[in-house]
Protein chains: 2
Amino acid sequence: MQNFSYYNPTRIIFGKGQIAAVAAQIPAGSKVLVTYGGGSIKRNGVYDQVAAALKAHAWLEFGGIEPNPRYETLMRAVEIVKREGVDFILAVGGGSVADGSKFIAAAALFEGADPWDILGKRAPVSAALPLGVVLTLPATGSESNTFAVISREATGEKYGFGSEHCYPRFAVLDPETTYSLPPRQVANGIVDAFVHTIEQYLTYPVGAELQDRFAEGILQTLIRVGPQVLAQPQDYVLRANLMWTATLALNGLIGCGVPQDWATHMIGHELTAEYGLDHARTLAVVLPGVWRHSRTGKQAKLLQFAERVWGLHEGSETERIEAAIERTEAFFKSLGVECTLAGNGVADSKVAAERISARLAAHGMTALGERGSIDPAAVRAILSSR
Amino acid sequence: MQNFSYYNPTRIIFGKGQIAAVAAQIPAGSKVLVTYGGGSIKRNGVYDQVAAALKAHAWLEFGGIEPNPRYETLMRAVEIVKREGVDFILAVGGGSVADGSKFIAAAALFEGADPWDILGKRAPVSAALPLGVVLTLPATGSESNTFAVISREATGEKYGFGSEHCYPRFAVLDPETTYSLPPRQVANGIVDAFVHTIEQYLTYPVGAELQDRFAEGILQTLIRVGPQVLAQPQDYVLRANLMWTATLALNGLIGCGVPQDWATHMIGHELTAEYGLDHARTLAVVLPGVWRHSRTGKQAKLLQFAERVWGLHEGSETERIEAAIERTEAFFKSLGVECTLAGNGVADSKVAAERISARLAAHGMTALGERGSIDPAAVRAILSSR
């Protein structure tokens with residue numbers, strides 16, 4: 001096991017009817033900016049619950065944060081924060097709203113000349129406005145981690161940043177808020193949480209037995225509840241399991257003391273930037289390719305995954321590994337998520353392979369994966385096969 | 001799944017050589033009281049590492065905190081804190097030192113007339129001195145939770161308290177500090193972590209699938225690494241797995257949204273108070289009795305435990321449950337921990353049953369367990385059978 005540091009101070013407030021609890025979590029006298037996305041919260045009652053909870057607070061709102069939230073949009077919110085003297089951000093939505101709100105919180109207090117430097121130059125974040133989250137889409141784990149991924153429309157760039165200052169102070173997770181989600185977003189969230197777990201688990205063994213068990217527990221739970229949530233969208237217990245599982249998939253815990261991969265995410269981000277594919281769908285496309293390409297280096301963990309997560313005990317090692325990859329692809333497909341470029345509307349995989357490989361090289365990402373062994377040629381090979 | 005709130009802000013700093021990290025975690029200019037137990041840290045090099053880490057801080061020390069830390073001892077430390085203007089506590093040791101230090105931290109700022117009220121009258125704790133922990137014994141989880149159990153010598157009472165103000169700011173977990181532990185303490189720690197997990201897991205199902213998987217992962221890890229740690233005490237990876245697992249067993253995570261039992265602990269505390277038995281040994285005695293007594297109410301979870309943790313798939317339900325209980329007893333015995341009163345030097349179980357039942361009744365604990373169904377008669381039945 002590698003040395004590690006783990007710190008996660010986000011207060012999770014989980015369950016039915018808990019949106020009312022935000023009132024006690026935001027200091028009295030705060031001026032709150034409620035941030036949200038496309039407005040679904042106004043149709044499903046979440047906005048009204050938030051408004052009721054904030055009745056004793058001064059607050060204003062900023063809607064329109066996109067999926068793959070845009071720097072340009074977020075900077076308009078930063079202007080409002082500064083102009084209006086906002087001192088607390090309440091993000092209401094999914095991972096994009098949470099991510100975008102982390103950037104708003106950090107950019108509002110950024111002391112450098114250009115807040116883009118937080119993303120483009122990895123300028124350190126030394127402070128951020130306090131942030132709370134009312135989560136409505138289980139997927140990214142952004143509600144209790146330090147990370148955010150932001151896109152710049154003008155240049156087509158997509159970068160991440162992370163800072164302890166951006167940990168949400170609290171996150172309200174009410175599974176009932178997820179009943180009205182479109183099935184496509186639910187499926188994407190399941191795939192996203194699954195691949196987050198894989199990036200921290202499916203590398204090489206370092207004897208981190210409990211981290212492995214926890215990761216396997218997350219994967220088993222997603223496999224069991226994922227398709228059922230889509231089939232029974234009003235089932236509270238299924239929704240609750242999915243919501244809590246997606247949070248635990250990327251709150252730092254299962255990544256403690258283990259090597260991490262993240263090649264699938266890095267390649268996937270470029271696919272989203274180039275072709276506009278949903279984040280989760282890029283992961284479903286790339287992951288099986290990364291596995292087949294890195295089969296030797298990942299052999300021990302692929303076998304453990306095959307046995308413990310998929311219950312595959314028969315056949316040669318190669319057969320078990322291939323079966324585990326095929327089961328995973330079938331699982332994604334059972335959620336309605338296609339695992340090929342063509343299935344996602346990108347007809348020529350050779351062209352995509354060239355473009356994405358070039359994009360990664362241009363961004364200096366030429367040594368991806370837990371061993372840094374995924375170079376531009378490997379990216380081309382991986383994507384050509386998809 | 002039940003509604004829950006989860007908040008755990010303790011920063012975990014895990015691994016070889018990490019004691020040096022305390023220097024950066026304690027504010028410069030603090031006056032630190034280093035608290036410890038019987039002095040083993042002076043023989044195994046931990047004290048010297050702490051002293052080296054604190055070379056730029058003003059600090060003094062308070063040794064002699066006992067197993068089952070005593071109110072009388074701790075109040076002497078509170079006196080020192082007040083007299084010397086201590087503003088940070090650094091606990092160096094196992095669960096007893098961490099527990100005792102939480103009480104010192106809370107009592108030093110207690111505004112009521114008598115700090116005993118925190119324990120005896122459950123007086124609320126509204127503030128506590130900041131506390132850090134250098135853990136040397138994996139067992140109680142006290143290094144990253146809010147709880148402490150304190151005994152009063154004068155009256156033979158043993159009470160717990162908990163407050164968010166008592167969360168350690170940080171906990172350093174260096175598995176190398178545990179190499180020199182006596183096997184008896186290691187074994188006790190394994191049993192303690194095992195039973196902490198059971199108290200939060202083995203009740204009745206509420207559809208909390210991930211919490212179940214995590215609990216089962218902890219139990220499986222303890223079962224695998226426990227005996228091996230005793231056999232290979234210098235094995236770093238085994239020690240690291242045990243240390244991290246014991247922390248996760250009682251940091252609040254697996255208890256989220258599930259019913260909890262704690263009858264075994266409540267009965268066990270009285271056995272320690274009455275007969276001076278090691279805490280973990282009382283748990284090993286009581287737990288199988290609680291299971292057999294509550295077999296009907298716990299049936300579904302006992303079967304899940306039998307199947308997922310012990311791999312028992314054959315035989316009738318009754319046979320599988322009894323086999324799981326026997327496997328657990330055999331596991332405790334394989335660690336050198338006896339599971340009967342006689343094996344722990346209490347010859348007459350009937351007398352013990354009467355005494356403990358009376359003690360619990362005197363402390364108002366007449367409705368223990370996840371359903372409140374363990375009354376004094378049940379306690380007598382449970383202990384008579386042990």
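Chain A is the first sequence line, chain B the second, and so forth, proteins listed ahead of strands; every chain is numbered from 1.
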key: Residue pair A:Arg213 / B:Arg213, side-chain heavy-atom distance below 4.5 Å   = no
ask   = With the threshold set at 4.0 Å, does a side-chain nitrogen-carboxylate oxygen contact exist between A:Lys301 and A:Asp212?
value = yes
task = Kindly indicate whether the side chain of A:Val186, heavy atoms from C-beta on, has any atom under 4.5 Å from the side chain of A:Leu242.
result = yes
query = Strictly by modelled atom types, are A:Gln211 and A:Gln200 linked by a side-chain donor-acceptor pair under 3.5 Å?
reply = no
key: Residue part contacting chain A, namely of B:Gln18, when any heavy atom lies under 4.5 Å   = side chain
request  = Verify the ring-centre separation between B:Phe194 and B:Phe331: is it less than 6.0 angstrom?
outcome  = yes
key: Interface residues of residues 221-233 of chain B facing chain A - heavy atom cut-off under 4.5 Å   = B:Thr221, B:Arg224, B:Val225
ask   = Using non-hydrogen atoms only, which part of B:Ala21 is less than 4.5 Å away from chain A: side chain, backbone, both, or neither?
value = neither
ask   = Considering heavy atoms only, which positions within residues 163-176 of chain A lie below 4.5 Å of chain B?
value = A:Glu164
query = Taking it one step at a time, do A:Leu248 and B:Leu210 satisfy side chain to side chain contact (heavy atoms under 4.5 Å, CB included)?
reply = CA-CA 9 Å; A:Leu248 270 292; B:Leu210 190 64; 3.9 Å; yes
Candidate pair B:Trp244 and A:Phe4, rule ring-ring contact (aromatic ring centres under 6.0 Å, His included), full reasoning = CA-CA 11 Å; B:Trp244 189 219; A:Phe4 66 84; 4.9 Å; yes
task = Would you tell me whether A:Glu216 and A:Tyr201 have side-chain atoms, one donor and one acceptor, within less than 3.5 Å of each other?
result = yes
request  = Could you pull out all residues at least two apart from A:Lys298 that satisfy salt bridge (charged side-chain N to carboxylate O under 4.0 Å, His left out)?
outcome  = A:Asp261, A:Glu370
ask   = Is any side-chain heavy atom of B:Met1 closer than 4.5 Å to a side-chain heavy atom of A:Asn241?
value = yes
request  = Find out whether B:Phe305 and B:Ile198 are in side-chain contact, i.e. whether some heavy atom of one side chain is under 4.5 Å from a heavy atom of the other.
outcome  = yes
note = Answer key: most heavy-atom pairs under 4.5 Å with chain A among B:Ile218, B:Ile13, B:Asn8, B:Thr10 is B:Ile218
message = For chain A, which candidate among B:Leu253, B:Val206, B:Leu238 shows the most heavy-atom pairs at distances under 4.5 Å?
response = B:Leu253
Only pairs under 3.5 Å count here: list side-chain donor-acceptor contacts from residues 127-141 of chain B, not counting sequence neighbours, and write none if there are none.
| residue | atom | partner | partner atom | Å |
| --- | --- | --- | --- | --- |
| B:Thr136 | OG1 | B:Gly93 | O | 3.3 |
| B:Thr140 | OG1 | B:Ser142 | N | 3.0 |

note = Max heavy-atom pairs within cutoff under 4.5 Å with chain A, candidates B:Gly17, B:Ser144, B:Ala208, B:Gly217, goes to B:Gly217
